[in-house]
Undergrad: 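Sharing a structure, written as structure tokens. Questions coming.
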Protein chains: 4
Amino acid sequence: MSQTRAHGGRPRSERARIAVLEAVDDLLVDVGYAAMTMKGIAERAGVGRQTVYRWWSTKAEILFEASVTDAASELAVEPQDSTLDDLASYLEAVSHFLSVSPAGAAYRALLGEAQHDPAVAKLLASTDLLGDSARPVIERAISRGDLPSQTPIDQAVAQLLGPIFFQTISGYHGRGITPHDLANAFLHAAGAPHHAAPSDRSA
Amino acid sequence: MSQTRAHGGRPRSERARIAVLEAVDDLLVDVGYAAMTMKGIAERAGVGRQTVYRWWSTKAEILFEASVTDAASELAVEPQDSTLDDLASYLEAVSHFLSVSPAGAAYRALLGEAQHDPAVAKLLASTDLLGDSARPVIERAISRGDLPSQTPIDQAVAQLLGPIFFQTISGYHGRGITPHDLANAFLHAAGAPHHAAPSDRSA
Amino acid sequence: MSQTRAHGGRPRSERARIAVLEAVDDLLVDVGYAAMTMKGIAERAGVGRQTVYRWWSTKAEILFEASVTDAASELAVEPQDSTLDDLASYLEAVSHFLSVSPAGAAYRALLGEAQHDPAVAKLLASTDLLGDSARPVIERAISRGDLPSQTPIDQAVAQLLGPIFFQTISGYHGRGITPHDLANAFLHAAGAPHHAAPSDRSA
Amino acid sequence: MSQTRAHGGRPRSERARIAVLEAVDDLLVDVGYAAMTMKGIAERAGVGRQTVYRWWSTKAEILFEASVTDAASELAVEPQDSTLDDLASYLEAVSHFLSVSPAGAAYRALLGEAQHDPAVAKLLASTDLLGDSARPVIERAISRGDLPSQTPIDQAVAQLLGPIFFQTISGYHGRGITPHDLANAFLHAAGAPHHAAPSDRSA
DNA sequence: TTTTAATCGAGACGGTACGTCGAGTCTTGAC
DNA sequence: GTCAAGACTCGACGTACCGTCTCGATTAAAA
């Protein structure tokens with residue numbers, strides 16, 4: 001289960017690993033993603049440049065490792081009494097994550113890079129950060145009987161996360177839309193009988 | 001003296017302006033956004049480096065000018081007979097724009113930069129590209145009576161665009177969700193009475 | 001006769017050129033050849049690194065350009081009244097050049113590099129620094145009648161410079177050999193009838 | 001306790017020592033002195049990096065140890081029948097050593113380093129490689145009566161070795177000067193009465 | 001017509017990060 | 001305590017692009 005050490009050689013320095021990850025966190029806040037360089041990370045961490053390159057290829061990779069655990073924990077919310085409150089509190093957490101949290105800033109930076117760097121896109125795809133956090137919330141709603149048991153989970157995830165993701169990531173000017181509004185609307189859409197299309201009414 | 005120009009001076013070369021914009025379009029396709037440099041743009045355009053800087057500050061600015069008009073036209077779709085078809089065809093256009101079209105690639109690149117560059121964020125915010133394209137579609141649905149007349153437009157835009165935007169921009173693994181599915185679900189959500197409790201679904 | 005400037009472009013900065021050559025001179029004295037780096041040269045000169053590489057490939061090339069004129073002038077000595085004094089004063093200058101002068105230190109550094117770098121060897125070969133300085137001295141001796149008119153110049157140069165060069169460059173422990181001694185011995189060897197080999201005596 | 005070694009410890013590996021010296025010999029031929037690195041030596045020898053540093057400080061030191069014995073044997077020539085032939089054959093050996101032999105390449109590399117590294121200069125000075133080889137040849141000539149018995153040996157060594165050393169080490173363009181020519185000229189110079197005025201040549 | 005001045009292409013300028021390489025040191029477990 | 005292995009910090013390598021700065025050469029309106 002160890003990371004395969006054939007036989008000899010000095011073992012990897014845990015001290016250096018931690019220092020790099022912390023340097024990346026600090027730099028993201030201090031100078032922002034664009035001004036964050038491999039050189040700067042190494043210097044801030046008090047680590048040789050080669051040591052950084054030995055274990056990570058790009059600053060995106062370091063940032064990913066530095067943020068993913070924080071991110072996941074920030075998106076895991078306590079179940080609430082009612083499904084509506086549960087959804088609203090989850091969406092509140094997502095909103096906070098995407099627009100306020102440092103871990104969310106890291107995620108947005110990586111998401112940005114992913115738009116023009118397939119390697120970063122692949123990296124991000126390796127962990128479905130948002131989807132994995134949304135699924136339990138939806139499953140809870142189903143088990144409570146507030147969503148139909150045959151609800152297509154993937155689509156429900158997109159419907160739940162989509163609006164708030166869209167508002168935060170694109171700079172969309174939707175004024176006064178609260179997580180509670182979106183939770184409410186989501187329950188309507190996903191809760192309704194699924195294969196009876198509304199436009200059928202007009203037929 | 002006079003207000004705009006004291007007296008002489010060579011006028012701006014339209015030839016150079018066009019050449020730069022075309023070079024940016026070409027380079028985005030050929031080498032991608034990340035590998036696109038001001039130096040490269042000037043060389044590809046056969047234009048002095050200073051000339052580029054004289055009229056645009058950043059490559060984001062050039063890319064924006066080069067792509068917005070294309071983008072807007074790609075997102076304007078023909079009205080369809082039924083509202084469901086109308087919505088589906090619009091979402092199909094959005095999907096195509098975001099994942100296939102070169103203009104969309106430019107938009108995604110800018111969106112990416114905007115995640116860690118406030119100047120680019122501001123630039124993008126100056127034109128609500130997606131919102132402006134969605135509004136007419138929603139208003140058409142309202143005027144046809146398929147959405148309540150008091151529908152909050154801003155929120156409806158986010159609900160309509162959110163899911164497809166989320167799927168494309170985050171690399172969400174939603175399998176087999178079609179624009180038609182999303183259009184259908186949207187009509188359910190937005191078409192339902194707005195402040196009704198979720199338990200109404202059982203009625 | 002100019003350095004061919006096709007048409008456009010900012011002209012080469014004479015200021016930068018001089019600054020680099022002076023920086024090399026300074027650094028050779030301050031830190032020595034081995035510790036002299038392209039980076040260090042650029043910084044000392046207050047010049048961009050690229051600017052150094054644009055005009056010179058290696059530090060050897062810069063050092064050569066910086067030293068060759070100084071070197072040549074240091075090796076040009078005033079003619080003396082007698083041929084013996086003339087030779088002795090020349091050899092004194094050579095000795096001073098090779099063991100004391102900064103220009104000579106540069107020459108020795110280049111000579112050292114040339115032993116394992118063909119490019120530097122070629123560079124040095126482009127100017128026969130020592131040979132060119134010795135030839136006039138020998139020709140003066142011939143024209144004064146102190147050397148036979150058919151003296152083979154190339155060989156005479158090697159015989160004149162060889163001993164002092166050997167002593168300085170190899171760390172040879174010859175004690176108490178003066179330039180005057182060597183001048184005297186040289187006059188004997190080269191001045192003697194050339195094709196009557198001494199070993200012929202024993203025949 | 002005891003004087004030399006307190007108690008335990010693995011003894012130095014002779015295998016490793018030999019492997020390093022052979023690796024240096026190989027590398028000098030394969031990649032040349034400049035491209036020869038401590039890292040490369042250790043890898044070629046199949047030896048830990050620390051092991052190399054434990055026994056030698058610099059690559060110059062290893063090269064020196066690897067080459068001196070070869071060098072000395074290459075410069076020891078068989079006595080010839082006539083003094084002229086003896087000198088010529090010796091000079092031929094010197095020329096071959098300096099310009100062809102691998103051991104000579106090592107010597108030239110060290111000589112090069114010595115021009116800007118006092119440590120290497122000191123190392124080279126510890127063995128007067130060329131001088132020690134020339135002395136017996138000159139003494140033989142004296143004992144044969146072909147050189148005056150009061151000949152100053154040190155100066156004679158410089159006069160004998162100087163020209164050929166100069167030609168090989170500096171890239172001097174002396175065309176068609178053979179070891180035989182130089183041996184001949186040397187006998188003239190050193191064989192003549194030592195303090196006689198140059199005008200004696202006309203006698 | 002002649003001036004005047006802002007434009008144009010070209011390309012050198014001082015900076016700085018890139019990713020690689022070698023330096024010499026340190027830290028393992030095995031012998 | 002030495003060995004092979006290999007990670008460590010450090011710093012130079014040569015390259016690329018940054019945004020700025022000259023150049024000489026256009027180009028058109030103002031004088």
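In the text below, chain A, chain B and the rest are named by the order of the sequence lines, each starting its count at 1.
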Undergrad: Side-chain contact test, heavy atoms from C-beta onward, threshold under 4.5 Å: evaluate it for Tyr107(B) versus Leu124(B) and give yes or no.
TA: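 They are in contact (side-chain heavy atoms under 4.5 Å apart), so the answer is yes.
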
Undergrad: Would you mind reporting whether Val52(B) and Ile62(B) have side-chain heavy atoms less than 4.5 Å apart?
TA: yes

Undergrad: Return the set of residues passing ring pair (Phe, Tyr, Trp, His ring centres under 6.0 Å) with Phe64(A) (not counting sequence neighbours), or none when no residue passes.
TA: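 With neighbours one apart ignored, the set is empty.
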
Undergrad: Per the side-chain hydrogen bond (donor to acceptor under 3.5 Å, both in side chains) rule, what does the pair list look like for residues 29-41 of chain C, sequence neighbours excluded?
TA: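 Qualifying pairs, neighbours excluded: Asp30(C)-Arg44(C), Lys39(C)-Glu43(C).
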
Undergrad: Compare side-chain N and O positions of Trp55(A) against OP1 and OP2 of dG6(F) and report whether any pair is under 4.0 Å apart.
TA: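 Answer no for this pair, as no side-chain N or O of Trp55(A) is under 4.0 Å from OP1 or OP2.
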
Undergrad: Establish, with yes or no, whether the OP1 or OP2 oxygen of dT28(E) is under 4.0 angstrom from a side-chain nitrogen or oxygen of Arg12(A).
TA: no

Undergrad: Given atom NZ of Lys39(D) and atom C1' of dA7(F), what is their separation to the nearest angstrom?
TA: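 Interatomic distance, NZ of Lys39(D) to C1' of dA7(F): 12 Å.
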
Undergrad: Of all the choices, dT9(F), dA17(E), dG9(E), which nucleotide is nearest to the side chain of Arg54(A) once you look at every atom?
TA: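 Among the listed nucleotides, the one closest to the side chain of Arg54(A) is dT9(F).
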
Undergrad: Is there a donor N/O on one and an acceptor N/O on the other, under 3.5 Å, for the side chain of Arg49(A) and the base of dG19(E)?
TA: yes

Undergrad: Touch check for Gly46(C), heavy atoms < 4.0 angstrom, all strands: base, sugar-phosphate only, or nothing?
TA: sugar-phosphate

Undergrad: Please determine whether any donor N or O and acceptor N or O are separated by less than 3.5 Å between the side chain of Gln50(A) and the base of dA7(F).
TA: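 Flag unset: no donor-acceptor pair detected.
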
Undergrad: Taking five pairs at each end, how big is the angle between the two axes of the helix from dT1(E)-dA31(F) to dC31(E)-dG1(F), to 10°?
TA: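 Nearest ten degrees gives 20° for this helix.
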
Undergrad: Check the distance between dT9(F)'s C1' and Tyr53(A)'s OH and give it to me in whole angstrom.
TA: 16 Å

Undergrad: Using heavy-atom distances to pick each residue's nearest nucleotide on DNA chain E, tell me which of Glu14(C) and Lys59(A) is more 5'.
TA: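 Nearest nucleotide further toward 5': that of Glu14(C).
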
Undergrad: Should Thr51(A) be listed as having a side-chain N or O under 4.0 Å from OP1 or OP2 of dC8(F)?
TA: yes

Undergrad: Report yes if at least one side-chain N or O of Trp56(A) is closer than 4.0 Å to OP1 or OP2 of dG19(E); otherwise report no.
TA: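 Trp56(A) to dG19(E) OP1/OP2: no side-chain N or O under 4.0 Å.
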
Undergrad: Under the rule for side chain to side chain donor-acceptor pair (under 3.5 Å), what residues qualify as partners of Glu22(C), not counting sequence neighbours?
TA: none

Undergrad: Between Ile41(C) (CD1) and dG14(F) (P), how many Å, whole number?
TA: 10 Å

Undergrad: Holding to side-chain contact (heavy atoms from CB on, under 4.5 Å), I want the full list of residues that pass it with Arg17(B), two or more places apart in sequence or in another chain.
TA: Arg12(B), Glu14(B), Leu21(B), Trp56(B), Glu65(B)

Undergrad: Scan for side-chain hydrogen bond (donor to acceptor under 3.5 Å, both in side chains) pairs involving residues 111-126 of chain B, sequence neighbours excluded, and state none if there are none.
TA: Arg108(A)-Gln115(B)

Undergrad: Could one point to a donor on the side chain of Arg10(B) or the base of dT26(F) with an acceptor on the other under 3.5 Å away?
TA: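 Yes, a donor-acceptor pair under 3.5 Å.
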
Undergrad: Just how far is it from atom CG of Leu63(D) to atom CD1 of Ile41(D), taken to the nearest 0.5 Å?
TA: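 If we round to the nearest 0.5 Å, Leu63(D):CG and Ile41(D):CD1 are 8.0 Å apart.
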
Undergrad: To the nearest Å, give me how far apart OH (Tyr33(D)) and C1' (dG22(E)) are.
TA: 14 Å

Undergrad: Once you round it to whole Å, what is the distance between P of dC18(F) and CD of Glu43(B)?
TA: 10 Å

Undergrad: Just to be sure I understand the rule, does Arg15(C) reach a base, reach only the sugar-phosphate, or reach nothing, if contact means heavy atoms closer than 4.0 Å?
TA: sugar-phosphate

Undergrad: Looking across every strand, which nucleic acid part, if any, lies under 4.0 Å from Ser13(D) by heavy atom: base, sugar-phosphate, or nothing?
TA: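 If one applies the 4.0 Å heavy-atom cut-off, Ser13(D) turns out to touch the sugar-phosphate alone, with no base involved.
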
Undergrad: Closest-nucleotide mapping onto DNA chain E: is Ala35(D) or Ala45(B) further toward the 5' terminus? I mean the 5' end.
TA: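 The 5'-side residue here is Ala45(B).
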
Undergrad: Which residue, Thr37(C) or Gly48(A), contacts DNA chain F at a nucleotide closer to its 5' end, judged by nearest heavy atom?
TA: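 It is Gly48(A) whose nearest nucleotide is closer to the 5' end.
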
